[in-house]
Amino acid sequence: MSEKMEVVSGDSCSPEVQEVTEKINNTTVESLVPRVKCPEHIILVVDVCREEGNSTYRLADGSKFSALYMVKRALTLFVQNKHSIDSRHKFALVILQDIPIWIQDFTSDPQKIISYIEEMEEAPAPSHCDLSSVFELIALQITLPKCSSTSTVPPYIYRTILIYGRSHCLPQFLQGKELFNYLTQSPHFVLDVLYTHEPPTDDNKCEGIFDLLCGLDEGGLSYVLEVSRNATKLHNYFGTLLAHPFQRPIQKYLHYTLTPKD
């Protein structure tokens, strides 16, 4: 189903980087920003579970769509736009239900990955979500690049985008965090999270889930985004995730302004 990536030696890496030092919670964090971006191998992990009582997205024209339908639509645009930015980017797809399933191996053909996205269907939500199994699956499918120094640009990096959609189920590491730590401690692996959820109430666990997902960003360099049933914001956040991890600012400093031309 998947073919492992070959280990890349340090001789294949370019030294063209610029070191940037930033402060996160009074801790100095050194991030590497390449002058020339490298290709991304993006693993899309999509939670397809539907909980009882899930609400819908309502658009301006009054039409209503399920949360998964809206995620599929926004994710399709993300893949198309990311490929148009750099055709060297590759995508793999994992669906998350009772267990994570590796559906499509890495491909640079956007239509191939989009066809699998379009076929995704809702599944009943189990009583738990084991993140240990997610990162175990990823670790089995990839081989991280090896460069002679962390100050060199690798020939590619891996980025996992976890799209989590449950409002009553706290994700947990039921089998430990060993493989999660192995991946996220690599300079060539990035984890981003987009949490789509019900409006927070006393009857759901949205706030606790979001706090837990924010805790996955142990290095301070991930993007962890959250959106309730707002279609515009959902699409905007997928637009935010288009940025290359080596070239974007730290999330807490992210700010956009529109400047009119003279």
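Heavy atoms only: backbone and side chains are in, while hydrogens, waters and symmetry mates are out. Numbers for residues simply follow the sequence, beginning at 1.
Shown here is Lys64, whose NZ atom has no more than 12 heavy atoms of other residues, nucleotides or ligands within 6.0 Å. Around CD of Glu218, the count of heavy atoms belonging to other residues, nucleotides or ligands within 6.0 Å exceeds 12. Enclosure of atom CD in Gln175 by more than 12 non-hydrogen atoms of other residues, nucleotides or ligands within 6.0 angstrom is indicated. With a 6.0 Å radius and a threshold of 12 heavy atoms from other residues, nucleotides or ligands, Lys233 has its NZ atom above the threshold.
No donor-acceptor pair closer than 3.5 Å links the side chain of Ser186 to the backbone N or O of Tyr182. In this structure a side-chain-to-backbone donor-acceptor pair under 3.5 Å is missing from Asn236 to Thr240. The closest donor-acceptor contact from the side chain of Lys82 to the backbone of Leu242 lies under 3.5 Å. Side chain of His188 to main chain of Pro145: a donor-acceptor pair is present (N/O by atom type, distance under 3.5 Å, no hydrogens or angles). His41 places no side-chain N or O within 3.5 Å of a backbone atom of Tyr156 that could act as its donor or acceptor partner. Remark: the backbone N or O of Thr201 is paired with a side-chain donor or acceptor of Asn204 at under 3.5 angstrom. Side-chain atoms of Ser132 come within 3.5 Å of backbone N or O of Gly176 as a donor-acceptor pair. Checked by atom type and distance alone, the side chain of Thr184 pairs as donor or acceptor with a backbone atom of Phe180 at under 3.5 Å. No donor-acceptor pair closer than 3.5 Å links the side chain of Asn54 to the backbone N or O of Arg50. Ser222 contributes no side-chain N or O that, together with a main-chain N or O of Val224, makes up a donor-acceptor pair within less than 3.5 Å.
Salt-bridge check for Arg88 with Glu40: failed, with every basic side-chain N at 4.0 Å or more from each acidic carboxylate O. A salt bridge does not link Asp105 with Lys90: none of the charged nitrogens is closer than 4.0 Å to a carboxylate oxygen. Under 4.0 Å is where a charged nitrogen must lie from a carboxylate oxygen, and between Glu121 and Lys72 no such pair does.
Heavy atoms only, all atoms of each residue included: Pro100 and Ser133 are closest at CD-OG, 3.3 Å.
The aromatic rings of His197 and Tyr195 lie tilted to each other, with the angle between the two planes from 30° to 60°. Ring pair Trp102/Phe106 is perpendicular by interplanar angle, where above 60° counts as perpendicular and below 30° as parallel. In this pair, Phe135 and Phe173 present their aromatic rings parallel. The plane angle is below 30°, not in the 30 to 60° band.
Side-chain contact of Asp61 with Ser63: a donor-acceptor pair under 3.5 Å is present, judged by distance alone. When only modelled atom types and interatomic distance are considered, Gln172 and Asp130 share no side-chain donor-acceptor pair under 3.5 Å.
The line from CD1 of Ile163 to CG of Leu225 is 11.0 Å long, rounded to the nearest 0.5 Å.
Linking Ile, Leu, Val, Met, Phe, Trp and Tyr whenever their side-chain heavy atoms come within less than 4.5 Å puts Ile114 and Tyr69 in one cluster.
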